[in-house]
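I have placed the structure first, in the form of structure tokens, so that the comments after it can refer back to it.
Here is how names work: the chains are called A, B, and so on, in the same order as the sequence lines, proteins then strands, and each is numbered from 1.
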Number of protein chains: 2
Amino acid sequence: MIIILANIIHLHERDNVGVCKGAIPAGTALIEPELTLVDDIPAMHKVALVDIPEGQPILKYGQVIGFAAKAIKAGEHVHSHNCKMGEAEKDYGFCRLARPTDLVPESERATFRGYRRANGKVGTRNYIGILTTVNCSATVAKAIAQHFTFSGELDDYPNIDGVVAFTHETGCGMRSDGEGYETLRRTFDGYARHPNFGGILMVGLGCETMQVRRVMEESGLGDTDTFQAYTIQDVGGTRKAIERGIEVLRGMLDGVNQHTRETVPASELTLAVQCGGSDAFSGITANPALGAAGDILIRHGGTVIYSETPEIFGAEHLLTQRAKTPELAQKLLDRIEWWQDYTARNDFELDNNPSPGNKAGGLTTIMEKSLGAQAKSGSTEMVGVYLYGEEVKEKGLVFMDSPGFDPVSVTGQVASGANVVCFTTGRGSAFGFKPAPSLKLASNSELYQRMQEDIDINCGGILDGEKTMQECAEEIFRVVLATASGEQTQSEKLGYGDNEFNPWKIGAVV
Amino acid sequence: MIIILANIIHLHERDNVGVCKGAIPAGTALIEPELTLVDDIPAMHKVALVDIPEGQPILKYGQVIGFAAKAIKAGEHVHSHNCKMGEAEKDYGFCRLARPTDLVPESERATFRGYRRANGKVGTRNYIGILTTVNCSATVAKAIAQHFTFSGELDDYPNIDGVVAFTHETGCGMRSDGEGYETLRRTFDGYARHPNFGGILMVGLGCETMQVRRVMEESGLGDTDTFQAYTIQDVGGTRKAIERGIEVLRGMLDGVNQHTRETVPASELTLAVQCGGSDAFSGITANPALGAAGDILIRHGGTVIYSETPEIFGAEHLLTQRAKTPELAQKLLDRIEWWQDYTARNDFELDNNPSPGNKAGGLTTIMEKSLGAQAKSGSTEMVGVYLYGEEVKEKGLVFMDSPGFDPVSVTGQVASGANVVCFTTGRGSAFGFKPAPSLKLASNSELYQRMQEDIDINCGGILDGEKTMQECAEEIFRVVLATASGEQTQSEKLGYGDNEFNPWKIGAVV
Ligand SMILES: [Ca+2]
Ligand SMILES: [Ca+2]
Ligand SMILES: [Ca+2]
Ligand SMILES: [Ca+2]
Ligand SMILES: [Ca+2]
């Protein structure tokens, strides 16, 4: 239960601190809660709501973010000077906080209008995709897509959302096995099977590391009415490869156009949650609102993919505590260990501790910072842990390992099966995606005003008293359902999605 | 001096082996050289032209590719069974083979029609470039470029070759310092100063690791008539950022259109040599022909950038021997050492030894294989060693460190200043580039026939007896001059160059 007070945000009923919406001077008497401020409290900083004895936990988001380094009186400023992390070992507490989700009865569940595919999955868009195994086939793929975009040939096929080329910068000059190869192959596989496509064409050059036929064999992809593949070298060059592609896709248009939307349960939704360009507001408005919206979706039987491993680093125990099984908790810790190795061998120090800027913005400990990011994941138990781009098979909250870098992370989430994306931002990310539509959620109203054409939902209204956290969560859920049913996102209106496919490249470029 | 015989290619006058153009059975009597074959010689394999005593060097490309493991008679097949590498230490022989280039007198030098820029450099094209600091500004940059491509607005500016967006997949989720950052920054810097641009716009998002203003400061780029920059967040979102870009570039059109071609010496050419999708013919036709063409350009005062460090790995002493100074030789060895570390930490084994396929194709030793690739670098002394994308300042042959992966390597070569690219291929690469035009050279006539619309020059004619190596080299040089003067390459006619900008990404994605 989240209570919004006049000037202070109380993020969780268990919390003994609140967050001041704006700077409030010492001596101010607040009505609700009835409290007189002892210190000046800067905007976005924490104030003690009750007396907190020395050594007692400081609770925000209903969770421990640190301990009182000395006795703290109600109305005092809570920050680095009086709040410290304990020296104790992290409490991984495998599964300690995992609770079965209280599902909405099937008859009462929300629905949307989606495309049910032959494999049983449900799409929210009906694109034709052109996959490329290597950068060397990018220009051919783009030329094929542009033919359909500009020729008017799609005018007779109103149910097709477009032909999209997914180009990238790798596929050769890399190892032909191992995790780099497998990560890229899984990404192709996930796109080839994604329900937001009615048809797929895969184009290679011919001599690249990622061989079209090998990828197809390893991924179990056959030549069918809706999946075709060839290489530029095999068909005799660029022009012929473009003509062949146009011809192959023309042959798919009738079939793809026959797909129409039907009413399906919200349990067919897989929502990717993502943040980028975060600010001091993200952790108290957009992220928790999105987390609460995800909780609603999960109660309706749906799935949420939470990712961005570097952001949980140092606070991974917050997720192991929510793991449904000890095996899942261990799987997550194994990924953390992989990341320690990955970053160490690449001379990168993974440091999730609050930066000086974070501290000035009111964040005191790594736990508090991580909880602000993890708020996107809501409060349900974690029922799955996946590699980047691996097919998600559970309903509920799952974790998919990925970098935090937005296009790379979302590419993996979509390969794993996400059919809608929600993206929170405080600085104002310019992001959009295909084939899964991506909604942008502003953490503050100033951003919403400034970049209104880019932003779908203003979670800053929570700070302004225009809506409660719960109202904002319900608004997000409604907009997600409408988007899944075909309503265009701001980023779709602006034409995003042709340049953001960005598969994670692991390993040396040689 | 390269002698082409009827059925046997004699790559260098010093060579004691020749390469059979096609399979020749034992017992065949050849007229020139007067020789009776002792063994069956498969196509592309080596035959001894003279008796070679045990322990004596086997010479191909005028260089030692191995030693006779037993006495070899004239007419015998020379391969793994009778040719071995010595166990001796590599002879780095710093500068041993470096000779000052015999320059063509200035009055006799070739010329081309290029664009002389304010900074003294000469361009071969007159583009307007849109650089992006991060993937997040890719869609805005593409939208601005597409406006000029499709609106017809450039019709009034006949001297402008087009507006091109250079998008990529990084710029955030990376370290904000160190070699990954510096490599990317140098790439941007090199493009911003490239003489094939009449004007540059740089667009960022605002919150990315690669900050527009920081990149400008570190690269010494100011706001001028021909260089402008802004971020999407600063101007208030996607639509405004696109409109701003169109407006800024409109303001540059008159100025850029005033640039016209003038006659300039060939010494203003910087030629990137590159290979991709090589085959067994590459090392005896296209690569040596390109090397000889580069030698001609260098004698005319020009510059050749040779790269693809993994391909010289294990045979780097062939270049240290050609280094002009010991410092350059050492600089090259330092890069080799860096690569050993880079590949080791990324679990990649850099192995340039001939593969089973290479051996079946007639390649016996790593030296022989490397010489086939290094043949692209011609025969002059090496006067410079550069980091990826670093500005080349010498005239003559220079080495720029890069991966072998074509788009990544060429992006660096162009950032370093290449204004024309020559790309050899045996399998049939589909490559093109902007802002520097890229010519494709086929290693064999079958490829040339099959992908004629993609290939500019058929070096396979050397095998067919249609031209000598030297004639082919002169043809390449002529085509390079014509291309530099504005003649379109096959890849330009096909529309390549909008998807191949591919800066080398070093380090973890986080
Ligand atoms: Ca991409
Ligand atoms: Ca992110
Ligand atoms: Ca690119
Ligand atoms: Ca190569
Ligand atoms: Ca190459």
Side-chain angles (χ1 to χ4, degrees), chain A residues 135-140 142-143 150 167-170 172-175 178 205-207 232-233 236-239 241 276-277 310 342-343 345-348 350 403-408 427-432 450-454 494-500 502 504-510, chain B residues 135-140 142-143 150 167-170 172-175 178 205-207 232-233 236-239 241 276-277 310 342-343 345-348 350 403-408 427-432 450-454 494-500 502 504-510:
Chain A
N135 181 257
C136 310
S137 54
T139 290
V140 164
K142 287 285 187 191
F150 294 112
T167 63
H168 56 84
E169 300 187 348
T170 181
C172 205
M174 59 185 284
R175 259 184 70 158
L205 171 60
C207 56
I232 297 170
Q233 287 170 357
T238 300
R239 191 182 51 78
Y342 173 60
T343 49
R345 73 180 184 255
N346 283 293
D347 200 20
F348 191 100
L350 210 50
F405 184 35
D406 312 326
V408 174
R427 303 282 300 276
S429 285
F431 184 82
R450 185 161 45 83
M451 289 180 59
Q452 214 169 118
E453 292 167 309
D454 286 83
L494 288 166
Y496 277 90
D498 292 316
N499 304 291
E500 290 76 15
N502 200 333
W504 190 9
K505 287 160 282 289
I506 304 170
V509 182
V510 296
Chain B
N135 182 256
C136 309
S137 55
T139 290
V140 164
K142 288 283 187 191
F150 294 112
T167 63
H168 56 85
E169 301 188 348
T170 183
C172 205
M174 60 185 285
R175 260 185 70 158
L205 171 60
C207 56
I232 297 170
Q233 287 171 356
T238 300
R239 191 182 52 76
Y342 173 60
T343 50
R345 73 179 184 256
N346 283 293
D347 200 20
F348 192 101
L350 212 48
F405 184 34
D406 313 325
V408 173
R427 303 283 299 277
S429 285
F431 184 81
R450 185 162 45 84
M451 290 179 60
Q452 213 168 118
E453 293 166 309
D454 286 83
L494 289 165
Y496 276 90
D498 292 315
N499 304 290
E500 289 75 15
N502 199 334
W504 190 9
K505 289 161 279 291
I506 304 170
V509 182
V510 296

For [X] and [Y], indicate whether the former's side chain and the latter's backbone hold a donor-acceptor pair under 3.5 Å.
X	Y	value
N135(A)	N499(B)	yes
Q233(B)	G428(A)	yes
D454(A)	G237(B)	no

Heavy-atom contact with chain B under 4.5 Å, split by part of [X]:
X	result
T170(A)	backbone
V510(A)	both
E453(A)	side chain
F348(A)	both

Contact leader toward chain B among [options], where contacts are heavy-atom pairs under 4.5 Å:
options	value
V408(A), L350(A), L205(A)	L205(A)
A430(A), P310(A), G178(A)	A430(A)
F150(A), F405(A), Y342(A)	F405(A)

Side chain, backbone, both or neither: which part of F431(B) has a non-hydrogen atom closer than 4.5 Å to chain A? neither
Using non-hydrogen atoms only, which part of V509(B) is less than 4.5 Å away from chain A: side chain, backbone, both, or neither? both
Using a cut-off of under 4.5 Å for heavy-atom pairs, which of [options] has the most such pairs with chain A?
options	result
G173(B), G507(B), G432(B), P403(B)	P403(B)
M451(B), R427(B), K505(B)	R427(B)
C136(B), G497(B), G206(B), C172(B)	C172(B)

Which atom pair, heavy atoms only, marks the closest approach of T139(A) to E500(B)? OG1-OE2, 2.5 Å
If you take all heavy atoms of C207(A) and G277(B), which pair is closest and at what distance? SG-CA, 3.8 Å
Just verifying a value: how many Å separate [X] [atom1] and [Y] [atom2], rounded to the nearest 0.5 Å?
X	Y	atom1	atom2	answer
R345(B)	D347(A)	CZ	CG	7.5 Å
L494(A)	T238(B)	CG	OG1	5.0 Å
M174(B)	N346(A)	CE	CG	12.0 Å

